[in-house]
Amino acid sequence: MSHGLFLSFEGIDGAGKSTHIESLAGAFRAQGRTVVLTREPGGTSLAEKLRAMALNDPMDALTEALLMFAARRDHLLQVIEPALARGDVVLCDRFTDATFAYQGAGRGFDLQVLATLERWVQGVDGVATGSLRQPHLTAWFDLDPAVAAQRLAGARVPDKFESQPQAFFARVASGYAARAAADPGRFLRIAADQPRDAVWNELLAGVRARGFLS
Ligand code: TYD
């Protein structure tokens, strides 16, 4: 049986990751892999309810962070861990790096507290020791916040995060850059300001270079 594979996809709103996640699912399926396409916050019935609250209701940054990690815990236990145990490929639209980027860098919430929550939620046995569940690879769609703002303008009714000012997304982008710098082996940076085909080719080449797709 193949080993389970866990890939996450990150970037500021408007970075354009969604279509590429679908395409990558197709590439894995073409090689005979079973793919679980999922997202955070969300991916389970409970976590989707938490998503609706976190994305729409006003709340302070700690409440927001706790909801994100509560959703993540349920998602890990119900969906991600069982899929990896079966040997499936899990493609997850956002994961913990988003909490560090949005609630941490974007909203200015304490990164040490987020790191503690990360250890609790992603600790294999639910305690703050031992190894953490992290994606094997995180594709980070890096885009200038000014370009992202142009792409988002008028696209649809914005949620709580999408309606934030450009300065917020500049902080979120720097949050992603800091997470990538702290764990360069896990991150695949993709220059998301290119035409869609070029972005796709860069993603595919990066995933192949790490030996995850032949
Ligand atoms: P997103 O993934 O962009 O989905 P869609 O394309 O359907 O809008 O939306 C999720 C939003 O939630 C996005 O603005 C980032 C935010 N978010 C956080 O603030 N913290 C988190 O931990 C996660 C996972 C997402």
Side-chain angles (χ1 to χ4, degrees), residues 6-25 37-44 46-76 79-80 90-111 113-122 132-135 138-143 145 147-149 151-176 178-180 190 192 196 199:
F6 181 20
L7 274 62
S8 66
F9 301 83
E10 299 282 1
I12 60 174
D13 288 271
K17 56 190 162 48
S18 300
T19 55
H20 299 299
I21 302 175
E22 296 276 348
S23 304
L24 201 59
L37 263 181
T38 190
R39 68 172 181 182
E40 289 211 348
T44 70
L46 171 61
E48 289 291 333
K49 290 181 206 161
L50 297 172
R51 176 190 178 94
M53 296 177 206
L55 267 56
N56 297 302
D57 297 345
M59 61 188 72
D60 85 313
L62 172 58
T63 309
E64 211 169 82
L66 291 171
L67 289 186
M68 296 297 177
F69 274 113
R72 183 160 302 129
R73 179 75 183 165
D74 194 55
H75 189 214
L76 270 169
V79 175
I80 297 176
V90 176
L91 302 184
C92 192
D93 190 342
R94 302 191 185 280
F95 195 63
T96 303
D97 300 306
T99 314
F100 280 83
Y102 280 77
Q103 281 66 51
R107 304 265 263 131
F109 188 68
D110 191 327
L111 297 177
V113 175
L114 295 183
T116 301
L117 292 169
E118 179 183 39
R119 284 197 298 278
W120 276 87
V121 168
Q122 290 152 246
L132 293 190
R133 171 63 73 192
Q134 293 289 14
T138 296
W140 167 37
F141 293 75
D142 189 17
L143 185 66
V147 178
R151 286 187 186 175
L152 281 179
R156 59 180 172 186
V157 180
D159 64 33
K160 198 174 86 182
F161 293 105
E162 289 162 348
S163 56
Q164 291 291 319
Q166 205 173 299
F168 174 83
F169 289 108
R171 293 196 298 276
V172 173
S174 73
Y176 277 125
R179 285 286 279 184
I190 295 165
R196 185 172 291 188
V199 171

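Both counts, for ligands and for their atoms, begin at 1 and track the order of listing. Because only heavy atoms are used, hydrogens play no part in the values below, and waters and symmetry mates are left out as well, while side chains stay in.
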Proximal ligand 1 atoms for [X], defined as those under 4.0 Å from one of its heavy atoms:
X    : result
F161 : 12 (O), 14 (O), 16 (C), 19 (O)
L55  : 12 (O)
E40  : 24 (C)
D13  : 3 (O), 13 (C), 14 (O)

May I ask you to identify, for [X], whether its side chain, its backbone, both or neither come under 4.0 Å of ligand 1 on a heavy-atom basis?
X    : result
A101 : neither
K17  : side chain
E64  : neither
T96  : neither
T99  : both

Validation row: [X], [Y] side chains within 4.5 angstrom (heavy atoms):
X   : Y    : value
H75 : C92  : yes
D13 : Y102 : yes
T99 : R72  : yes

Is R151 atom CZ crowded by more than 12 heavy atoms from other residues, nucleotides or ligands, each under 6.0 Å away?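 Counting neighbours around CZ of R151, more than 12 heavy atoms of other residues, nucleotides or ligands fall under 6.0 Å, so yes.
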Mind checking the [atom1]-[atom2] spacing from [X] to [Y]? Nearest 0.5 Å is all I need.
X    : Y    : atom1 : atom2 : result
D159 : E162 : CG    : CD    : 4.0 Å
T138 : F95  : OG1   : CZ    : 9.0 Å
E40  : T96  : CD    : OG1   : 6.5 Å

Partner of E118 by salt bridge (charged side-chain N to carboxylate O under 4.0 Å, His left out), out of R179, R73, R133: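 By the salt bridge (charged side-chain N to carboxylate O under 4.0 Å, His left out) criterion, E118 pairs with just one of R179, R73, R133: R179.
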Given Q103, R72, Q164, identify the one with the heavy atom nearest to atom 19 (O) of ligand 1.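 Considering heavy atoms of Q103, R72, Q164, the nearest to atom 19 (O) of ligand 1 sits in Q103.
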Name the option, out of R107, R94, K160, R51, that contains the heavy atom nearest to atom 7 (O) of ligand 1. R51
Write out the residue and atom name of the closest protein heavy atom to [atom], then the distance separating them to 0.1 Å.
atom                    : result
atom 25 (C) of ligand 1 : P41 CD, 3.5 Å
atom 18 (C) of ligand 1 : M68 CE, 3.4 Å
atom 6 (O) of ligand 1  : R156 NH2, 3.5 Å

Within the structure, does E162 bring an N/O atom to less than 3.5 angstrom of an N/O atom in ligand 1?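 Yes; the residue has a nitrogen or oxygen that sits under 3.5 Å from a nitrogen or oxygen of the ligand.
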Closest heavy-atom pair, A105 versus G175, reported as atoms and distance to 0.1 Å, is CB-CA, 3.5 Å
Quiz: residues 56-69 side-chain donor-acceptor pairs under 3.5 angstrom, not counting sequence neighbours:
{"unit_1": "N56", "atom_1": "ND2", "unit_2": "A52", "atom_2": "O", "d": "2.8"}
{"unit_1": "D60", "atom_1": "OD1", "unit_2": "T63", "atom_2": "N", "d": "3.1"}
{"unit_1": "D60", "atom_1": "OD1", "unit_2": "T63", "atom_2": "OG1", "d": "2.4"}
{"unit_1": "E64", "atom_1": "OE1", "unit_2": "Q103", "atom_2": "NE2", "d": "2.7"}
{"unit_1": "E64", "atom_1": "OE1", "unit_2": "R107", "atom_2": "NE", "d": "3.0"}
{"unit_1": "E64", "atom_1": "OE2", "unit_2": "R107", "atom_2": "NE", "d": "3.4"}
{"unit_1": "E64", "atom_1": "OE2", "unit_2": "R107", "atom_2": "NH2", "d": "2.9"}
{"unit_1": "E64", "atom_1": "OE2", "unit_2": "K160", "atom_2": "NZ", "d": "2.9"}

